[in-house]
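When a ligand or atom number is given, it counts from 1 through the structure's own listing order.
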Amino acid sequence: MSDCLFCKIINGEIPSQRVYEDEYVYAFRDITPQAPVHILVVPKEHIASAADIDENNSHLAAKCLVAAAKIANSEGLSGGFRIIANSGPDSGQTVLHLHFHILGGKPLGTGLVATE
Ligand code: 5GP
Ligand code: ZN
């Protein structure tokens, strides 16, 4: 996708702090970290959101999760971490390229969503 921010990051058009890369997956530090460790894991192939995962591309989502486990290990997140994939307007998704946030490095609290 020519005008997709994360496609541009994947192809190097926009710089990023890469933490992991393989044939299917690219991972980089979030520009506005919300925890001591905040990394975005994305499939190299453009998928707009979690709502667009299907039988044909689900292996790419799985590759992202395999990468996330490796990254959590390499980042020393032995105390645990959280994976979030915002999807669609109600979730607050701002970049329409599937991405898994990895958040960790401190206790993250028990709530999954804002309560107000
Ligand atoms: P969303 O809100 O769609 O779930 O997450 C998008 C994330 O992308 C946000 O956490 C935001 O900080 C991050 N982000 C937006 N633009 C850039 C950028 O140019 N570089 C990096 N590294 N992260 C970005
Ligand atoms: Zn894209």
Side-chain angles (χ1 to χ4, degrees):
M1 282 274 286
S2 54
D3 64 347
C4 168
L5 175 67
F6 286 174
C7 283
K8 287 179 180 167
I9 284 178
I10 292 161
N11 71 26
E13 224 177 301
I14 292 174
S16 64
Q17 274 188 273
R18 182 181 64 180
V19 296
Y20 176 88
E21 183 172 14
D22 64 28
E23 186 181 349
Y24 304 99
V25 174
Y26 190 80
F28 54 102
R29 295 195 192 278
D30 197 290
I31 203 166
T32 311
Q34 296 188 41
V37 174
H38 186 172
I39 291 165
L40 301 171
V41 185
V42 307
K44 285 186 172 177
E45 182 177 312
H46 182 89
I47 299 170
S49 80
D52 299 287
I53 298 171
D54 61 24
E55 289 76 7
N56 296 317
N57 62 22
S58 60
H59 62 291
L60 300 174
K63 294 282 187 191
C64 287
L65 295 175
V66 172
K70 289 179 185 169
I71 292 163
N73 189 41
S74 65
E75 292 288 318
L77 300 179
S78 55
F81 56 95
R82 184 172 288 156
I83 295 175
I84 296 174
N86 288 322
S87 180
D90 280 358
S91 75
Q93 184 183 12
T94 57
V95 180
L96 298 185
H97 181 127
L98 175 65
H99 51 283
F100 296 90
H101 297 258
I102 302 175
L103 296 151
K106 70 171 188 181
L108 297 168
T110 54
L112 288 177
V113 294
T115 50
E116 41 185 272

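Heavy atoms only, all atoms of each residue included: V19 and F28 are closest at CG2-N, 4.0 Å.
Protein N/O/S atoms closer than 2.8 Å to the Zn ion (ligand 2): C4 SG, C7 SG, H46 ND1, H97 ND1.
The closest approach between a heavy atom of S16 and any atom of ligand 1 is not below 4.0 Å. Contact annotation: Q34 has no heavy atom less than 4.0 Å from any atom of ligand 1. Residue contacts with ligand 1: I84 is excluded, as none of its non-hydrogen atoms falls under 4.0 Å. Note on ligand 1: Q17 sits outside its first shell, no heavy atom being nearer than 4.0 Å.
Under 4.0 Å from ligand 1, not a single heavy atom of F100 appears. At a heavy-atom cutoff of 4.0 Å, ligand 1 is contacted by no atom of I14, backbone or side chain.
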Compile the donor-acceptor pairs under 3.5 Å between side chains in residues 42-50 and protein atoms, sequence neighbours left out, one pair per line.
{"unit_1": "K44", "atom_1": "NZ", "unit_2": "E21", "atom_2": "OE2", "d": "2.9"}
{"unit_1": "K44", "atom_1": "NZ", "unit_2": "D22", "atom_2": "O", "d": "2.7"}
{"unit_1": "H46", "atom_1": "ND1", "unit_2": "H97", "atom_2": "ND1", "d": "3.2"}
{"unit_1": "H46", "atom_1": "NE2", "unit_2": "L96", "atom_2": "O", "d": "3.4"}
{"unit_1": "S49", "atom_1": "OG", "unit_2": "A51", "atom_2": "N", "d": "3.0"}
{"unit_1": "S49", "atom_1": "OG", "unit_2": "D52", "atom_2": "OD2", "d": "3.2"}
{"unit_1": "S49", "atom_1": "OG", "unit_2": "S87", "atom_2": "OG", "d": "3.2"}

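Within the listing of ligand 1, atoms 1 (P), 2 (O), 3 (O), 5 (O), 6 (C) sit less than 4.0 angstrom from a heavy atom of T94. The contact set between ligand 1 and T32, taken as ligand atoms under 4.0 Å from a residue heavy atom, comprises 12 (O).
Using cut-offs of 30° and 60° on the angle between ring planes, the pair H101 and H38 is tilted.
Evaluated by nearest non-hydrogen atom to atom 9 (C) of ligand 1, the leading choice among I31, D30, L5 is D30.
Annotation: the span from Q17 atom CD to I9 atom CD1 amounts to 11.0 Å, rounded to 0.5 Å. If you take CG on N73 and CD on E75, they are separated by 10.0 Å, rounding to the nearest 0.5 Å.
S74 and Y20 share no side-chain donor-acceptor pair at under 3.5 Å.
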